[in-house]
Structure formats: structure tokens, C-alpha cells
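This is the structure I want to talk about, given as C-alpha cells.
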Amino acid sequence: MESPVGEMTNDLKGPSVPHVLLCFGFFLLNIVSFQVQILPNFDGYTDKNFYGFLFGGFFGVIALARFEYVDALRVRSRKSFEWTLISAKKLVRSFTLLGWLFSVWHAISWVRELTRLWS
């Protein structure tokens, strides 16, 4: 018999794999933005560095916050477990920190490109 929606089961719950993949995806998009412009260019005011900044400095941090929230709920339920090979928390935090650092470089490069357009 299936449990109703919202009811807690006795199953152990590990880290949220979709949230880990989301954080990794934003990190990957940040890295790809160094070479390729994924989204459209709006009359030269946005370029690959703008999108790299968004993926690493904004969306990556939001994805980390969502992962931490879901993980805290799972730990609070006392029915959670951690991966044996590497901690999911450390992995996601590392992706986000590196993505944030790369986004600083993207922001600097984007501003440099904007000043070239206006001079």
C-alpha cells in the first residue's frame, strides 16, 4: 500500500541527487561559458561572460541554498545517510565555491568588454 503524499516513511534518505546534479550543471555551464556563448547576445551588451557570471554567481548559489535546505530537512528527520565515498555537502559546496570564484572572473571580463563597447 502506498503512503499518502507528505507522510514520512521509514526509508533512509540520502543526499538529494537531483539537487547535486543541478549544482554540478550550473558549475558546468559556468565553465562552458569561458568558451561558448549559450544564450543570445542582446546588441552586444551581454556576452558569454555575463552568462557565466549568472550561472556561477547567482544560480549556483541559489541551487546550493536549495540543496542545503533539503539536506537539513532530511538530517532533521533522523532517517538520512551520507555517501560513503565523498560527502555530498562537500562536493556541492566545492562546485559552488569554484563556480562563484569563476563568476568573479566572468564579471571582470564582462565589464572590460562593456567598456570597450562604450569607448
Side-chain angles (χ1 to χ4, degrees):
M1 185 167 139
E2 291 184 31
S3 63
V5 175
E7 184 179 317
M8 184 59 88
T9 63
N10 289 331
D11 299 335
L12 289 176
K13 295 181 186 256
S16 174
V17 175
H19 287 104
V20 172
L21 292 176
L22 183 66
C23 290
F24 178 70
F26 284 131
F27 174 70
L28 192 62
L29 286 170
N30 186 330
I31 297 298
V32 167
S33 294
F34 279 112
Q35 296 296 322
V36 179
Q37 183 162 336
I38 301 167
L39 299 172
N41 184 0
F42 298 102
D43 295 329
Y45 294 112
T46 58
D47 66 350
K48 60 187 177 184
N49 289 309
F50 172 73
Y51 294 121
F53 168 72
L54 280 180
F55 292 137
F58 185 70
F59 293 127
V61 175
I62 290 174
L64 171 67
R66 183 65 184 165
F67 170 81
E68 292 283 346
Y69 174 74
V70 170
D71 192 58
L73 290 177
R74 289 180 179 200
V75 168
R76 192 176 73 191
S77 72
R78 297 184 189 162
K79 294 179 178 156
S80 68
F81 67 92
E82 187 59 70
W83 294 340
T84 56
L85 188 59
I86 187 168
S87 170
K89 283 183 185 180
K90 289 180 182 177
L91 189 66
V92 169
R93 290 175 182 172
S94 298
F95 288 149
T96 306
L97 178 63
L98 283 173
W100 187 82
L101 290 174
F102 290 149
S103 75
V104 170
W105 180 257
H106 279 297
I108 291 168
S109 300
W110 180 49
V111 169
R112 285 178 45 203
E113 288 298 318
L114 280 178
T115 57
R116 286 185 190 155
L117 288 174
W118 292 337
S119 58

Spacing of CG belonging to Leu54 relative to CG belonging to Asn49, to within rounding of 0.5 Å: 11.5 Å
Minimum heavy-atom distance Gly52-Ser103, with the two atoms named: O-CB, 4.2 Å
Single-linkage hydrophobic cluster, 4.5 Å side-chain cutoff, Leu64 and Ile31 together: yes
Spacing of CZ belonging to Phe59 relative to CZ belonging to Phe53, to within rounding of 0.5 Å: 10.5 Å
Connected via hydrophobic side-chain network under 4.5 Å: Val92 and Leu97: no
Heavy atoms of other groups near Phe34 CZ, more than 12 under 6.0 Å: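 Counting other residues, nucleotides and ligands, CZ of Phe34 exceeds 12 neighbours.
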Same cluster (ILVMFWY, side-chain, under 4.5 Å), Ile108 and Phe50: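 Per the 4.5 Å side-chain linkage, Ile108 and Phe50 are not co-clustered.
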Enumerate, atom names and distances included, each donor-acceptor pair closer than 3.5 Å involving a side-chain atom of residues 17-30, sequence neighbours excluded.
| residue | atom | partner | partner atom | Å |
| --- | --- | --- | --- | --- |
| His19 | ND1 | Ser16 | OG | 2.6 |
| Asn30 | OD1 | His106 | NE2 | 3.0 |
| Asn30 | ND2 | Gly99 | O | 2.8 |

Phe102 and Phe55, any side-chain heavy atoms less than 4.5 Å apart: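 Phe55 does not reach Phe102 side chain to side chain.
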Listed partners of Arg93 passing side chain to side chain donor-acceptor pair (under 3.5 Å), at least two apart: Glu68
Hydrophobic cluster membership, Val61 vs Tyr51, 4.5 Å side-chain cutoff: no
Path from Val104 to Trp110 over hydrophobic side-chain contacts below 4.5 Å: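 No; tracing contacts between hydrophobic side chains, which count when under 4.5 Å, never links both residues.
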